[in-house]
Amino acid sequence: MSEIEMFLRDFITPAKIKKYAVSVFLFAVFIHIFFGNNTIFRLNDTAGSMIGTGIAFTSAAYVINTYPTAENIGFYLTLPVKKWRMFSAYFFALWISMLIQRISFLIPVIAEFCSHAAENLLLLILNSAAAVLVNIGIFLGKNSKNKSIFICNLVLAAALFLTGGLKVNSGCKAVLAVLFGAGAAASFVKRNVTDLILISEPRRKARRKCISNYFWRVAVTEKIYLTNTACILAFLFVLGAAGRQNPILINLLWCIGAVNTPFLTMISADIKTSRHIDMLPVKKNSIYKQYFMFLMSYFVLINSIILIAKNIVIKEAFIKEAFIKENLIEDVFIAVLLALFETILAVMLEQKCRIREWQTKQELWKNPRKYVLPLAVFAAVSICCQISKLLAISA
């Protein structure tokens with residue numbers, strides 16, 4: 001077994017690869033049949049590049065910081081393998097799994113809706129490789145407490161996103177992506193291979209004493225919840241900047257805010273809490289009330305950030321004052337309704353359709369139930385937009 005296969009079997013299995021292949025094929029057929037001739041879905045090169053970079057960066061950050069089999073890497077590092085081979089194996093395994101699980105769904109979108117499909121696909125592959133390398137560099141710098149490496153890779157990450165928004169040809173962007181990737185890889189040279197081990201730093205107890213809600217205490221304590229939320233927030237701003245002239249992409253902002261799967265499965269993921277809930281009568285059970293308040297406060301917060309992202313990054317918001325007022329009032333109304341709708345539906349899913357048969361957290365978070373809420377949100381936003389258009393026409 002090669003070094004790449006060692007890491008790759010931790011990230012993805014052959015059975016999952018087959019499922020993803022079938023899913024991507026069906027997804028490609030679906031968008032070609034229903035949206036192939038719709039010009040409103042056309043993406044320019046800048047939007048495609050930024051969306052691809054955002055997905056690659058946030059996905060890599062999520063996997064690196066929530067490595068599901070972190071105990072295995074301790075064994076891998078005891079093998080008589082050269083340092084550069086171990087780093088390269090970790091990179092390629094992470095990159096391949098990310099291409100299969102995330103980027104593969106973006107490939108048919110770019111092929112169908114971008115004018116320069118071949119150039120954008122090549123740029124997507126190079127950007128995803130650079131994003132993985134930069135993420136590994138950030139992780140190594142954080143683990144080794146080396147601030148210079150950490151800061152340098154943060155700068156490279158910011159530069160990678162900025163180049164995605166530049167209105168230059170794909171060739172220049174590809175060269176820059178290669179340079180950023182090489183810069184990130186250079187930070188591996190003097191690093192200890194043991195820095196690849198995921199370090200869980202205990203949080204201060206005093207930080208949790210003032211939090212009465214059980215679910216907020218869990219969210220603040222466990223790293224996975226904060227990491228996933230940070231990745232979602234980063235992608236919200238990237239998607240907002242990329243889709244400022246595309247109403248479909250702007251509507252997707254609300255969906256992205258509703259896909260924080262760890263938050264939406266906190267009861268399913270906590271076996272002891274689930275047993276406690278099942279033992280108590282529904283009327284005397286305060287767990288769901290705490291969960292409702294937790295999700296409500298989260299969705300209010302995330303929807304407020306979406307409002308900020310929409311009304312800051314959209315160019316038209318700075319040009320037409322009337323556009324700002326009308327859109328802002330409409331968006332605030334939608335944000336409040338969505339927060340209530342998302343909370344009620346999320347709590348109902350945990351009450352009525354709790355996920356019980358799972359072995360690992362990764363398996364739990366990838367359950368098909370995760371798509372119910374974002375699809376419902378997209379449908380609700382689309383209906384709200386249509387109603388607002390009809391009201392505007394009648395007025």
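We count residues from 1, following the sequence as given.
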Over all atoms of both residues, closest heavy-atom pair of Thr265 and Ile355: CG2-CD1, 4.1 Å
Looking at CG of Leu94 and CG of Leu133, how far apart are the two atoms once the value is rounded to the nearest 0.5 Å? 9.5 Å
Ser268-Trp358 side chain donor-acceptor pair, cut-off 3.5 Å: no
Kindly indicate, with the supporting measurements, whether the criterion side chain to side chain contact (heavy atoms under 4.5 Å, CB included) is fulfilled by Lys370 and Leu264. CA-CA 8 Å; Lys370 67 184 288 186; Leu264 302 179; over 6 Å; no
Closest heavy-atom contact between Ile4 and Ala93? O-CB, 3.7 Å
Nearest 0.5 angstrom please: Lys173 NZ to Leu124 CG, how far? 12.0 Å
Hydrophobic cluster membership, with links at side-chain heavy-atom distances under 4.5 Å among I/L/V/M/F/W/Y: are Leu337 and Leu375 in one? no
Side-chain H-bond candidate by donor/acceptor type, Tyr298 with Asn303, under 3.5 Å: no
From CD1 (Ile302) to OG (Ser297), nearest 0.5 Å: 11.5 Å
Just how far is it from atom CG of Leu99 to atom OG of Ser104, taken to the nearest 0.5 Å? 8.0 Å
Is any side-chain heavy atom of Ile96 closer than 4.5 Å to one of Phe11? no
Is there a path of hydrophobic side-chain contacts, each under 4.5 Å between heavy atoms of I, L, V, M, F, W or Y residues, that connects Phe30 with Ile107? yes
Any side-chain heavy atom of Asn135 sitting closer than 4.5 Å to one from Phe139? no
Co-membership, hydrophobic cluster, residues Leu126 and Ile136, 4.5 Å side-chain: no
Could you check whether the rings of Phe27 and Phe105 sit parallel, tilted or perpendicular, using 30° and 60° as the cut-offs? perpendicular
Would you mind telling me which of Tyr288, Tyr291, Tyr225, Phe263 makes a ring pair (Phe, Tyr, Trp, His ring centres under 6.0 Å) with Phe215? Tyr291
Name the orientation class of the two ring planes belonging to Trp95 and Phe92 (parallel below 30°, tilted from 30 to 60°, perpendicular beyond 60°). tilted
Taking the side chain as every heavy atom from C-beta outward, state whether Pro262 and Asn260 have any pair of such atoms under 4.5 Å apart. yes
Rounded to the nearest 0.5 Å, how far apart are CZ of Phe292 and CD of Gln351? 10.5 Å
Tyr214/Ile287 under side chain to side chain contact (heavy atoms under 4.5 Å, CB included): CA gap, chis, key distance, verdict: CA-CA 8 Å; Tyr214 168 75; Ile287 297 294; 5.5 Å; no
Taking everything shown except Arg354 itself, do over 12 heavy atoms lie less than 6.0 Å from its CZ? yes
When every non-hydrogen atom of Asn153 is compared with those of Ala184, the smallest separation belongs to OD1-CB, 3.5 Å
Do Met86 and Phe188 come close enough that some side-chain heavy atom pair is under 4.5 Å? no
CD1-CG distance between Ile267 and Leu349, expressed to the nearest 0.5 angstrom: 11.0 Å
Over all heavy atoms of both residues, which pair between Ala258 and Leu373 is shortest? Give the atoms and the distance, please. O-CD2, 3.6 Å
Neighbour count above 12 (heavy atom, 6.0 Å) for Lys19 NZ: no
Student check: side-chain heavy atoms of Ile305 and Leu233 closer than 4.5 Å: yes
I need the minimum non-hydrogen distance between Ala56 and Met98, along with the two atoms involved. CA-SD, 3.9 Å
Do Val332 and Leu338 share a hydrophobic cluster (ILVMFWY, side-chain heavy atoms under 4.5 Å, transitive)? yes
Is any side-chain N of the basic residue among Arg369 and Glu350 closer than 4.0 Å to the acidic one's carboxylate O? yes
With side chain to side chain contact (heavy atoms under 4.5 Å, CB included) as the criterion, how do Tyr20 and Gln101 come out once you've worked through the C-alpha distance, each side chain's angles and the decisive distance to 0.1 Å? CA-CA 7 Å; Tyr20 278 113; Gln101 297 183 78; 3.4 Å; yes
What verdict does the side chain to side chain contact (heavy atoms under 4.5 Å, CB included) test give for Leu295 and Glu342, after you've listed the backbone C-alpha separation in whole Å, the side-chain angles of each residue and the deciding distance to 0.1 Å? CA-CA 8 Å; Leu295 287 180; Glu342 290 165 335; over 6 Å; no
Least distance between heavy atoms, Leu140 atom then Phe87 atom: CD1-CE2, 3.8 Å
When you group the ILVMFWY residues by side-chain heavy-atom contacts below 4.5 Å and let the links chain together, are Ile149 and Leu156 in the same group? no
Counting only heavy atoms not in Met293, do more than 12 sit closer than 6.0 Å to its CE atom? no
